[in-house]
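All remarks here apply to the structure that follows.
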Protein chains: 2
Amino acid sequence: MEKKTVTTKGINNVCKHNIRAIHDALDIIGGKWKISIISCLTFQSMRYSELLREVEGISGKMLSRELKELEFNQLIIREVIDTQPITVQYQLTSYGETLKHLTLTIADWGLNHRKKIIG
Amino acid sequence: MEKKTVTTKGINNVCKHNIRAIHDALDIIGGKWKISIISCLTFQSMRYSELLREVEGISGKMLSRELKELEFNQLIIREVIDTQPITVQYQLTSYGETLKHLTLTIADWGLNHRKKIIG
DNA sequence: CAGTATCCGGTTTGATACTG
DNA sequence: CAGTATCAAACCGGATACTG
């Protein structure tokens with residue numbers, strides 16, 4: 001029951017605890033493009049081809065793969081619209097919207113970082 | 001000057017703008033382990049071997065590689081302590097500490113996510 | 001202790017061509 | 001339009017052995 005030992009253990013537990021939580025989060029949103037896609041859909045729902053244009057650098061293969069995973073994890077909904085030819089609209093679920101704060105936090109930091117290194 | 005056009009362009013610009021910012025951020029903190037390492041060092045500075053224990057699953061090779069990159073980007077400081085044998089202490093820079101909010105946000109979401117899927 | 005060097009299989013990713 | 005199939009290249013990352 002020595003105080004220092006208890007404190008250290010306390011910190012280490014918080015640390016491991018957080019790492020586990022981070023790991024859980026990154027399992028879902030940790031891909032190379034997922035945060036970007038979610039961020040996009042935060043502003044408005046979009047079609048496949050729109051996302052392809054908006055998410056700079058992503059290939060079609062990667063986009064459909066990442067979308068599939070996001071859908072599987074119930075962060076987005078895929079809606080097929082019966083036009084000719086068909087179009088597909090992607091939108092965040094309400095669960096996906098719980099990531100809004102997270103994506104904004106990352107974007108904020110990235111913006112400040114760019115300011116810092118580019119000046 | 002039609003209103004709808006202006007609005008749409010505005011949204012798209014915000015979208016691309018955010019994606020660029022996210023991309024900038026992920027360049028720095030997007031590795032498999034970086035957020036976890038930073039989260040760890042948020043609580044206290046640590047030695048190499050302590051990090052190896054705390055960051056579950058990481059290998060020595062990956063840890064030193066990630067630490068090198070974090071140091072290069074001035075998020076952490078590596079301090080060699082002249083014991084016998086030498087020990088090395090890693091700590092966040094004040095710039096690295098600007099990531100505190102971000103890591104907590106991710107950990108929070110991950111925690112809630114675990115609650116959701118495990119119940 | 002705190003790493004580095006090497007080997008090597010597995011995964012990720014891009015380019016391109018193709019489909020309904 | 002919204003994808004899928006296939007191949008090849010690049011990268012990731014573990015195990016092991018080694019160094020100062």
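We name chains A, B, ... by the order of the sequence lines, and we start the count at 1 in each one.
- A parallel orientation is assigned to the rings of Y95(A) and H113(B), their planes being inclined by less than 30° (bins at 30° and 60°).
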Could you walk me through whether E66(B) and K34(B) pass the salt bridge (charged side-chain N to carboxylate O under 4.0 Å, His left out) check?
CA-CA 6 Å; E66(B) 301 274 65; K34(B) 294 211 180 66; 3.0 Å; yes

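- Of the candidate nucleotides dT4(C), dC1(C), dA2(D), dA2(D) has the atom nearest to the side chain of T87(A).
- Of the listed residues (I37(B), L75(B), V88(B)), just one forms a side-chain contact (heavy atoms from CB on, under 4.5 Å) with L67(B), and that residue is I37(B).
- Regarding E66(A), its CD atom lies at a distance of 18 Å from the P atom of dA2(D), rounded to whole Å.
- Here dG3(D) presents its P atom at 13 Å from CD of E79(A), a figure rounded to the nearest Å.
- K68(B) has no side-chain polar atom (N or O) that falls below the 4.0 Å cut-off from OP1 or OP2 of dG3(C).
- The interatomic distance linking L67(B) (CG) with dA2(C) (P) rounds to 11 Å, in whole Å.
- Taking 4.0 angstrom as the limit, T83(B) places none of its side-chain polar atoms (N or O) nearer than this to OP1 or OP2 of dC1(C).
- In this structure, CG of L63(B) is placed 10 Å from P of dT4(C), rounded to the nearest angstrom.
- In this structure a side-chain-to-backbone donor-acceptor pair under 3.5 Å is missing from Y90(B) to L51(B).
- Side chains of Q74(B) and T93(B): a donor-acceptor N/O pair is absent below 3.5 angstrom, by distance only.
- Comparing dG3(D), dA2(C), dG13(D) by their nearest atom to the side chain of Y90(A) picks out dG3(D).
- Side-chain proximity of R47(A) to the nucleotides dC1(D), dC1(C), dG13(D) is greatest for dC1(D).
- Looking at the side chain of S64(B), the nearest of the listed nucleotides dT13(C), dT4(D), dT4(C) is dT4(C).
- Checked against dG3(C), dG3(D), dG13(D), the side chain of R78(B) finds its nearest nucleotide in dG3(C).
- Between G31(A) and P85(A), the one whose closest nucleotide on DNA chain C sits nearer the 5' end is G31(A).
- With a cut-off of 3.5 Å on both Watson-Crick or G-U wobble distances, the partner of dC8(C) is given as dG13(D).
- One can place CD of Q89(A) at 13 Å from C1' of dA2(D), the figure rounded to the nearest angstrom.
- Rounded to whole Å, atom C1' of dC1(D) lies 12 Å from atom CZ of R53(A).
- Look at NZ on K32(A): it is 10 Å from P on dC11(D), rounded to the nearest Å.
- Here dT4(C) presents its C1' atom at 13 Å from CE of M62(B), a figure rounded to the nearest Å.
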